[in-house]
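See structure below.
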Amino acid sequence: MQKNSDNFIDFKNFPKNYDYQTVEKKISQYWEDNKIYKFEPHDKSRNVYSVDTPPPYVSSSHLHVGHVMSYSQAEFIIRYKRMKGFNIFYPMGFDDNGLPTERYVERKYKINKSKITREDFIDLCLKETKIGIEVYKSLWKSAGISADYGLSYSTIDERCRKTAQKSFLDLYNKGLIERRNEPILWCPQCRTSLAQADVVIEEFSGVLYDIEFKSSSGKNLIISTTRPELLGGCVAVYASPADERYHFLEGQSVKTPLYNKDVPVKYDESVDINYGTGIMMVCTWGDVEDVRKWKEHKLDTAIVINKAGKLNELSGKYNGLSVKEAKKALVEDLNKLSLIKGEKPLIHNVGVHDRCGTPVEFILAEQWFIKILDNKDKFISAGNQMTWHPEFMKARYEEWINNLKWDWNISRQRFYGVPFPVWYCSECGEVITAAETELPVDPVVNLPTVNKCPKCRGKGLRPETDVMDTWMTSSMTPLINSQWAYDDVESKELLNMIYPMGLRPQAQEIIRTWLFYSVVKSIYHTESVPFKNVMISGWGLDKNGKKMSKSLGNFVGPEDIISKYSADALRYWASKANLGQDLRFSEEDVVSGRKLLIKIWNAARFLITNIPPEFNPYEKKISGLKLNQIDKWVLTEFENALKICENNMESYEYSFSLKTASDFFYNVYCDNYLEIIKNVFWDEGEENTDRKKTVLNVMYFVSLNILKVFAPFIPFITEELYLSFYKNFEKDNSIHLSNWPEFKKELIFSDSVNISGILLNILEASRKLRTNLNLHQNHKISKILIKTLNPGYIDIINEISGDIKSAVRAERVVFSDKADFKTADENIFISLEK
RNA sequence: GGGCGGAUAGCUCAGCCGGUUAGAGCAUCGGCUUUACAAGCCGGGGGUCACAGGUUCGAAUCCUGUUCCGCCUACCA
């Protein structure tokens, strides 16, 4: 026997059991040592398939099987593409700047940003970031994620800071970014401004208060509001222009209760005649609609809430109270004056900060905005230039864009993030930006290249202390990966090679953020979409269909499942969800996965332990062997399955591909083909020698190729079998670098399916008879009697009588009218004789 | 309020651009152990395809409406 290597397993003593714990560790090390997944930047012979891997928050020790599920689903496709010959650019990123990390550190150390210095806080964040990266790396490796870890980035590292800052400068120079003083969304808990995408709507139960106001003509007016605490900030009352009840108020003013402030009466179409009394108060600012009216109708400004979420001096005696306390106190005071005419409990929708659940407020502050409202059309059309898997997810992207109401506020009043490359003249306020060559800079530490204000020549310059929204950096991942911020030749070559990226895999809940912002950036910076394909995974749910989370206690940790059942088995579970569909975690499915592994192991063992020393699978082409009908059948079925698998992988429908491969493997290859041919190996007779050789070659061909189809899903066991056995006859150093099986038309024998159908019907009937007779399936019998009502079958049955004998373990096949057990083909009857 | 996805066997899900008797895995029941695999094999039972209409020779599949679950989105203060 020719062997390529000596350190592999002795075939005759091939292990009976598959020891996945040892094997997965060993294989993982093998991949790392041999750089199996390394991207080759100088290889021009292959096409590139580049992946914009989701960088998870390292700060969260929240990893559950659902995360492994979504990474695996993308990875099935990536491994397939690798086998199709693509040069795979598959980096691993870690998103560790910004609020998510800060929140994590605050909770872990029970601190908040007001109780610690900026430096100490950043140190803690960096420390946790390092720990988090190691945890992630080790999990992804044990799960078999085939990223090239040499391409890793962390969104707080120098390259990412430089890229985010260059993005800022580029947009600033293009006039797409500007500093504006206007009402912004504010989280009183995190003490920072937010963007629309950081706010989610939650239902709260509240009370709708009917409060009595007085018009300047002395008439009482009832106004309904859920936020009486904002009364001091009331700057106008509004009615619908169509509401005749309030036409009399035109030109009048209205006096607010408690504050006795005169505010104008205004009319706007947006007021619902049927809500409350049809008249509403507008404060600066209770909600988005207040902001709009304030802007459009140039209303007064009266801000009663400060950055801590407490009422300020403008609220009078309520100064210093929290929103909640103030609401209570105001309601009491109004009640004392009998000005509350009704209270109705209601459920209403309130915008809250998605990181902490605190209701957002509106405050006035100077912030940096990226203009996005002007270019909605461009972003929608970019969406149409990408292929969405599944397609219906595109609707969410479009819906989000259509509903955008704010430009993207990227200023955050936090510590741990990428700084703005900006200083201000303390005299005239002029903005001084860093030079591109200096990036990354920290304006708090570094000085600008100019030493005085270019506009007023003032010498005092103060740094911007806000940091950028974390999405300002993560939206750059396609450009971070492509070295867009660097001008050297090699970087430019890489950019041309991998950008736009081939694939963006991600979860559905960050369509509005990561996906949308990435498109914005790429369109603005490169006038191109950031990627060609978008793959949106569903969620891994618990067994009751609820989203997994630590706090709910329905959390299944991937490490436990991997050590109990193997990573391959966990990935098998992940493959069960159609793309974009949620999947309940089911330990039973993981068990099924493990069963598949064991079956694959044993089927391979059957081949391996029967291999004679002189075996050479490539002595002859498969189509040149003397094939029986049953061999032709298994080859035909394999080629058909292969075609289906390939088509499904091409359209990112991995789930159906694995199902097709498994069905073929169980039903065709193991349960029938192997069962039919196996007794060739029980008989050492001379006459079997050629037959043995043929079936070994067929088995080698089919088992190797089906193993390749399985490889993207269950990379460990397929690699182990490849290296320990097939590698003796194959050239590639890894099954994952080997070629995806090529469809071979010459192995489709169209007759064989019908002809073998006769054999399979006979076999099935024989199995039923044996069950009825309590007869072991392998127990040899002397005769099988066959009767056929179709004369055309006689020649066929004669031709395949060898296979029939082998299949039903009979010494002889005899035509006889005594056969009386009807097979699934009603033209064929059989009987067995012991 | 608008939109999307889902509802198929006891459970988890395929099938859905119309076409024999609706499938798989798990669970369940019966049987089978020297000869790859008992973490196995063989066989059986189990479904008015959410509901109501419609189109059609023919509907789980297409159309309309309804109900329930999940998600996205939304200013009813």
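Given the structure is predicted, the values throughout are model-derived calculations rather than measurements.
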- Task: Would you kindly give the CZ-to-P distance between Phe362(A) and A77(B), to the nearest whole Å?
- Result: 13 Å
- Only residue of Trp186(A), Phe362(A), Trp294(A) satisfying ring pair (Phe, Tyr, Trp, His ring centres under 6.0 Å) with Trp285(A) is Trp294(A)
- Interatomic distance, Leu658(A) CG vs C13(B) P [rounded to whole Å]: 17 Å
- Side-chain N or O of Gln196(A) closer than 4.0 Å to phosphate OP1/OP2 of A74(B): yes
- Message: Quick test of your reading of the model: are Arg292(A) and Asp268(A) salt-bridged, counting only N-O distances below 4.0 Å?
- Response: yes
- Query: Taking both distances under 3.5 Å as the test for a Watson-Crick or G-U pair, what stems of at least three pairs does RNA chain B have?
  - Reply: B:1-7 with B:67-73, B:10-13 with B:23-26, B:28-32 with B:40-44, B:50-54 with B:62-66
- Message: Looking at Arg691(A) and Asp631(A), is there a salt bridge between them, counting it only when a charged N and a carboxylate O are closer than 4.0 Å?
- Response: yes
- Round to a whole Å and report the spacing from CG of Asn778(A) to C1' of A38(B). 14 Å
- Between Arg767(A) and Asn610(A), which is nearer to the 5' end of RNA chain B once each is assigned its nearest nucleotide? Asn610(A)
- Item | Pair Glu675(A) + Arg809(A): basic N to acidic O under 4.0 Å | yes
- Using modelled atom types only, decide if a donor and an acceptor are shared between the side chain of Ser766(A) and the backbone of Ile762(A) within a distance under 3.5 Å. no
- Message: Counting distance alone, no hydrogens or angles: does the base of G5(B) have a donor or acceptor under 3.5 Å from a partner atom on the side chain of Gln581(A)?
- Response: no
- Query: Would you say a side-chain N or O of Lys678(A) is under 4.0 Å from OP1 or OP2 of U35(B)?
  - Reply: no
- Query: Ile717(A) CD1 to A36(B) C1': how many Å, rounded?
  - Reply: 13 Å
- Asn772(A) CG to C32(B) P, in whole Å, measures 12 Å
- Message: Does a side-chain N or O of Asn578(A) approach OP1 or OP2 of A14(B) to a distance below 4.0 Å, or not?
- Response: yes
- Query: Separation of Phe516(A) atom CZ from U73(B) atom P, in whole Å?
  - Reply: 13 Å
- Any Arg584(A) side-chain N or O less than 4.0 Å from OP1/OP2 of U12(B): yes
- Message: Can you see if the side chain of Trp682(A) gets near the phosphate of A36(B) - specifically, an N or O under 4.0 Å from OP1 or OP2?
- Response: yes
- Message: Is there a side-chain contact between Lys543(A) and the phosphate of C11(B), meaning an N or O under 4.0 Å from OP1 or OP2?
- Response: no
- Can you tell me the distance, in whole Å, between the CG atom of Asn672(A) and the P atom of A36(B)? 16 Å
- Message: Base, sugar-phosphate or nothing for Ser592(A)? Non-hydrogen atoms, less than 4.0 Å.
- Response: sugar-phosphate
- Residue-phosphate contact under 4.0 Å: Asn274(A) side-chain N/O, C76(B) OP1/OP2: no
- Message: Is Lys595(A) close enough to C26(B) that one of its side-chain N or O atoms is under 4.0 Å from OP1 or OP2 there?
- Response: yes
- Counting just side-chain N and O atoms, does Lys659(A) come under 4.0 Å of either OP1 or OP2 of A24(B)? no
- Message: Counting only side-chain nitrogens and oxygens, does Arg396(A) get under 4.0 Å of the OP1 or OP2 atom of U73(B)?
- Response: no
- Lys599(A) side chain N/O closer than 4.0 Å to the phosphate oxygens (OP1, OP2) of C41(B)? yes
- Closer than 4.0 Å, any side-chain N/O of Lys16(A) to the OP1 or OP2 of C37(B)? yes
- Message: Between C1' on G6(B) and CG on Asp582(A), what's the gap in Å once rounded to a whole number?
- Response: 10 Å
